[in-house]
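As structure tokens, the structure follows; a few thoughts come after it.
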Amino acid sequence: MTETNASTVGTVMQNKKEAILSRRQKARQRGNRIMMIRLAFVVVFLAVWQIASMYLVSDFFIGMPTEIARDLWAWALSGTLFFHASITSIEALLGFLLGSAVGMAAGVLMGRAQTLAEIVDPFLMMFYSLPKVALAPMFILWFGIGIDMKIYLTATIVFFLVFLNTYAGVRSVSREQIAIMKLMGAKESHILRKVVLPSAVTWVFNGLRLSVPYALIGAIVGELIASNKGLGYLLANASGQYDTSAMFAALIAIMILALALNYAVKVVEKKAMPWKAAEDQREMSI
Amino acid sequence: MSPAIAQAAAPVRQPEIRPVEASTLISYRGVGKVFETDQGSMTAVRDITLDIREGEFVTLVGPSGCGKSTLLNMAAGLFEPSTGTVSYRGEIVQPYNRRVGYMTQNDHLLPWRDVTGNVMIPLEIQGVPRAEARDRVETLLRDVGLQGFEKSYPSQLSGGMRKRCALARLLAYDPEALLMDEPFGALDAQLRMRMQIEIRRLAMDLGKTVVFVTHDLDEAVSIADRCVVFTQRPGTVARIVDVPLDRDRDLMQLRHNNTYRDLTAELWELLAPDMEGGDRT
Ligand SMILES: Nc1ncnc2c1ncn2[C@@H]1O[C@H](COP(=O)(O)OP(=O)(O)O)[C@@H](O)[C@H]1O
Ligand SMILES: [Mg+2]
């Protein structure tokens, strides 16, 4: 009796496992197919580009894939690529960290101190509506044309995105939730640590993800305006020599850097919010 | 504080005001609550005078929208009554009455904490050492039948399981009085019975005062020492009945108990006009 029961349970488990396995398998097959189509797309795109630049349009305007690849390869070998990319990464990264740290702190503070938020709101909005890159000339005046000027420019841009998102996150914490915590004897510090911050995390990461391309804008624009190193400089330099392929090569390098930064934020996000993964994995039900 | 209350608190004897009994824990005196909304003001409850004694298991039952949750909110100090007073141990309830534990109608679990983490919260606030807290949480989760789900996040639980998690959290911080707002509404019949037995046993063993809101009359009678029946909105007390059943009654056998059957039948009659006459509001 017990034995048959056990074996039924066994088969049920087996079936379930198989179901999960076949679901995974299907998902993987689908992923592979999508990868193949993407690859085909890239190949076709490059081929068309190459042919066009050889026979249809002057490569002065659109560069040439083989040239671009050669430039990138040469830069990679000579260390140029690594040098300039690391300068830009440092600017973007430090600016990103500085801007988001200050943004988060300010967002939490204002989110919890409503009066203060109301007082400074119009000033913040005034500053926010200013395109931050317009500050670059001022920053050059204050900080020179070294890498710190790009860091501050990036930080200013990132600050607002992270600040506004953090603020919204903190404000969206349910008052009922806070009341419940207070009934349990929670003090402001408990509420901050156990409710406000974790519930704002989703929003903060929203802000961080949005900020990645902007961090690069800060760094690159800074370099374009005044610099002798960084990917922005590489770009400006190529443009100065009317070397279209080199310009494309610099753009590709910038793109790769952006992807790497995006990826890093995603990894940290997953680590910081394990419950999100649980929600995503859950099969849909209504 | 209104002058009348200040006077009552003063040592001057005023025998004409009904004195609050020494054993009274929560006392509603002439309580009314009006909510100001966009559609104008809305009276949720009016003229509630009700004493809840220490160690008592009281159920509040009435049609939905009659202001049961509102009464619990006032006892917890979330807001003040518009008229009258709500006091706890003879003192007017101030915002956030920490002597009560409140299991709200929505469970308000933290979505980023797993079951263990959620039940752990009140213990973390009290500063209970981690190892001890873990042990206590483990026991509590077994009590409410959530073993095996310690690592699940609220989004992965059913409505009933979330309720049980909220109950475990409530019991974790061991308040003097428990305010429970339709705690077992989302549970299936068997589990509901199990939880009713469990909560009554806990209340008896630990000498807790329980104010238990439900819209289910059978539940209201079966687990109560005293049952307060409300009218439709604006809610007011229609009837207070002492439930003449043993304190250590066997809830499983109640359906065969004549006293229980007669009492529920009688209260059904009392609530029935409310159910038919939707036009009275
Ligand atoms: N915060 C609030 N603001 C406005 N109206 C409310 C609020 N809380 C409750 N009400 C209204 O008061 C009435 C009683 O609500 P409630 O106490 O939740 O009833 P019950 O718990 O008995 O179903 C309802 O009509 C509800 O719409
Ligand atoms: Mg209610």
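Here is how names work: the chains are called A, B, and so on, in the same order as the sequence lines, proteins then strands, and each is numbered from 1. Side-chain atoms are counted along with the backbone in the values below, which use heavy atoms only and exclude waters and symmetry mates.
Closest non-hydrogen pair, B:A44 versus B:F35, comes out as CB-CE1, 3.7 Å.
Checked for salt-bridge contact, A:K182 and A:E188 miss the test: no charged N lies under 4.0 Å from a carboxylate O. Classification of A:K194 and B:E124 as a salt-bridged pair holds, one side-chain N sitting under 4.0 Å from a carboxylate O.
For a residue to count as touching a neighbouring chain, one of its non-hydrogen atoms must lie under 4.5 Å from one of that chain's; by this rule A:L183 touches chain B with backbone and side chain alike. With a 4.5 angstrom heavy-atom cutoff, A:T202 does not touch chain B via any of its atoms. Using a 4.5 Å cut-off between heavy atoms, B:L170 makes no contact with chain A at all. For B:R113, the part sitting under 4.5 Å from any heavy atom of chain A is the side chain, from C-beta outward, and nothing else. Interface remark: B:Y96 contributes backbone and side-chain atoms alike to the contact with chain A (heavy atom separation under 4.5 Å).
Between B:M180 and the choices B:T104, B:L72, B:V213, B:I199, the side-chain contact (heavy atoms from CB on, under 4.5 Å) rule is met once, by B:I199.
Relative ring orientation between A:F127 and A:F160 is described as perpendicular, the plane-to-plane angle rising above 60° on a 0-90° scale split at 30° and 60°.
Taking A:R193, A:H190, A:M273, A:M181 one by one and counting their heavy-atom pairs under 4.5 Å with chain B, the maximum is reached by A:H190.
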